[in-house]
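Contents: one structure, followed by commentary.
As the structure is a prediction and not an experimental result, all values here were calculated from the model.
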Amino acid sequence: MSLLGWWRSRGNAERFDLFVRATFYLTYLALPPLVLLGMAAEISTVALALISAVGLGHVALSFPLVHLGIEHYLGRAPYPRRLLAIYLAFTTAVLIAGKLAFPHPTPGKPDGPADGITLIVLMLTITTLSAVVGPRTIVLASLAGGAYVWLTAPPGRVIFTTVMLLFVAFAFRTTLWMLGLVWELDRSREVRANLAVAEERLRFARDLHDVVGRNLSVVALKADLAAQLARRGRPTAIDEMLEVRQIAQDSLDELRAVVSGYRTADLSAELAGARSLLDSAGIDCRVIGEVDVSGEPAGALGWAVREGVTNVLRHSEARTCTITLRGKVLTMSNDGVSTSDFRFGSGLTGLRERVAALGGAVTAAAEAPNRFVLTVELP
């Protein structure tokens with residue numbers, strides 16, 4: 001599968017999740033080189049190599065800690081206490097060692113290597129903690145970073161560094177909060193779709209029980225009475241069995257009526273049901289055109305709507321769906337599909353056979369970038 005196909009096969013929540021993680025990781029990859037490039041002309045080669053090694057070590061610890069922190073925030077992994085303790089110990093040791101190794105600033109220049117180490121470590125630390133600890137702890141950590149700068153750097157840098165750390169903490173923590181909301185909305189959408197299907201199953205089971213249950217109880221009672229009368233040699237057993245037969249026939253007619261109401265798809269009712277069901281699943285559904293067919297063509301198009309809605313709920317991450325009616329031509333189009341995973345399943349095969357019996361045709365195809373189009377055309 002190509003990279004573009006893999007991206008299109010991801011759901012919206014998965015895409016946003018990947019974007020959030022990439023934001024953290026790119027910060028680790030981009031920030032240290034930018035700081036080092038700005039300091040390269042003012043520090044020695046040895047100091048530059050030392051700061052680079054510190055940055056790489058910090059990044060090596062930050063990657064797994066951020067991953068575990070995000071997983072814990074989403075409820076998928078335990079809290080990484082041990083790794084966090086190691087990370088904080090390493091950060092503290094680096095800050096202290098940097099100031100001890102380069103205690104005095106160069107006259108007329110910034111704080112030199114110690115200033116570079118401080119900037120890189122504090123920025124990376126706040127970025128990492130944004131994915132691991134709570135908002136209050138992040139604010140305290142940012143203020144602690146400002147206090148460290150106040151103790152070790154020129155006074156003019158304190159306010160700038162503190163504000164910058166607070167801004168980084170707010171930006172990354174807000175992004176993580178939005179990630180949690182996106183996953184929660186994705187789960188809610190799936191739950192709504194499942195609840196809609198379950199509600200329809202309960203409705204059909206309730207109708208079936210109300211219509212057939214009483215008659216089956218009467219059949220069982222009458223059959224038992226006829227059996228007892230037959231054992232006693234009573235001729236009335238024949239009348240009881242004839243009544244059982246009549247009740248069974250009536251029950252069969254009522255059962256057919258219930259099933260026909262479920263199997264025979266009325267186009268207008270199916271369009272209304274599709275809009276209601278998709279709306280309950282969080283999918284914006286639009287119906288364009290008017291119903292101007294009846295009889296078997298309307299039933300076939302109704303079946304097409306039902307099958308199309310089933311495909312939208314089961315096989316897509318759709319946000320929009322459009323149903324268009326032009327005479328005896330029905331078109332359903334929805335987004336949120338993977339063009340590489342499309343196959344003509346049993347539901348579409350059954351729909352094609354039903355429409356072919358009327359002389360019509362069914363076409364279904366995935367279209368770039370992420371749409372699926374179902375077209376049913378009757379003669």
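For the pair Asp335 (side chain) and Asn370 (backbone), a donor-acceptor distance under 3.5 Å is absent. Under the 3.5 Å distance criterion, the side-chain polar atoms of Asn194 are matched with a main-chain donor or acceptor of Glu190.
You'll find the side chain of Val20 stays beyond 4.5 Å of the side chain of Phe172, heavy atoms only. For the pair Trp183/Met178, no side-chain contact is recorded, criterion being any heavy-atom separation below 4.5 Å from C-beta on. The shortest distance between side-chain heavy atoms of Val132 and Val66 does not fall below 4.5 Å. Taking the side chain as every heavy atom from C-beta outward, Thr322 and Val287 never approach each other to under 4.5 Å. Two residues are said to be in side-chain contact when any heavy atoms from C-beta on lie closer than 4.5 Å; Leu278 and Asp284 fail this criterion. Looking only at side-chain heavy atoms (C-beta outward), Asn334 and Asn311 stay at 4.5 Å or farther from each other. Considering only heavy atoms from C-beta on, His58 comes within 4.5 Å of Phe90 through its side chain. Considering only heavy atoms from C-beta on, Val373 comes within 4.5 Å of Thr375 through its side chain.
One hydrophobic cluster, built from ILVMFWY side chains closer than 4.5 Å, cannot hold both Val309 and Val191; they sit in different ones. Under the 4.5 Å side-chain heavy-atom criterion for ILVMFWY residues, a single connected hydrophobic cluster contains both Ile126 and Met164. Note on Ile323: it clusters hydrophobically with Val293, by side-chain heavy-atom contacts below 4.5 Å among ILVMFWY residues. Linking ILVMFWY residues whenever their side-chain heavy atoms come closer than 4.5 Å, directly or via other members, places Leu29 and Leu65 in the same cluster.
Sorted by first then second residue, the side-chain hydrogen bond (donor to acceptor under 3.5 Å, both in side chains) pairs that include residues 130-144, not counting sequence neighbours, number zero. Residue pairs meeting the salt bridge (charged side-chain N to carboxylate O under 4.0 Å, His left out) criterion with at least one member in residues 60-74, sequence neighbours excluded, are Arg21-Glu71, Glu71-Arg76.
Residues satisfying the side chain to side chain contact (heavy atoms under 4.5 Å, CB included) criterion with Val139, sequence neighbours excluded, are Leu143, Leu166. By the side chain to side chain contact (heavy atoms under 4.5 Å, CB included) test, Thr236 pairs with Leu229, Arg234, sequence neighbours left out. The side chain to side chain contact (heavy atoms under 4.5 Å, CB included) search around Gln249 returns Arg245, Gln246, not counting sequence neighbours.
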Side-chain donor-acceptor pairs of residues 326-333 under 3.5 Å, sequence neighbours excluded:
from: Lys328; atom 1: NZ; to: Pro379; atom 2: O; distance (Å): 3.3
from: Ser333; atom 1: OG; to: Arg371; atom 2: NE; distance (Å): 3.1
from: Ser333; atom 1: OG; to: Arg371; atom 2: NH2; distance (Å): 3.0

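The distance from the CZ atom of Phe16 to the CG atom of Asp186 is 12.5 Å, given to the nearest 0.5 Å. Taken to the nearest 0.5 Å, the OG1 atom of Thr27 stands 8.5 Å off from the CG atom of Leu124.
No more than 12 heavy-atom neighbours from other residues, nucleotides or ligands sit within 6.0 angstrom of CD1 on Ile238. At most 12 non-hydrogen atoms from other residues, nucleotides or ligands lie less than 6.0 angstrom from CZ of Phe19. For Arg15, the CZ atom is densely surrounded, since the number of other residues' heavy atoms within 6.0 Å is greater than 12. For Glu296, the CD atom counts as loosely surrounded, since its 6.0 Å shell holds 12 or fewer non-hydrogen atoms of other residues, nucleotides or ligands.
Taking all atoms of both residues into account, the shortest heavy-atom contact from Val168 to Met123 is CG2-CE, 3.5 Å. Minimum heavy-atom separation, Cys321 to Val312: SG-CG2, 4.3 Å. For the residue pair Ala226 and Met241, the shortest heavy atom distance occurs at CB-SD, 3.4 Å. The shortest heavy-atom contact between Tyr73 and Leu176 is CE2-O, 3.4 Å. Heavy atoms only, all atoms of each residue included: Trp303 and Leu351 are closest at C-CD1, 4.1 Å. Across all their heavy atoms, Leu129 and Ala141 have their closest contact at CD1-CB, 3.9 Å.
A donor-acceptor contact under 3.5 angstrom links the side chains of Tyr87 and Thr128, judged on distance only.
The aromatic rings of Phe63 and Tyr25 sit parallel to each other, their planes meeting at less than 30°, with 60° as the upper class boundary.
For Phe24 and His67, the gap between ring centers reaches or exceeds 6.0 Å.
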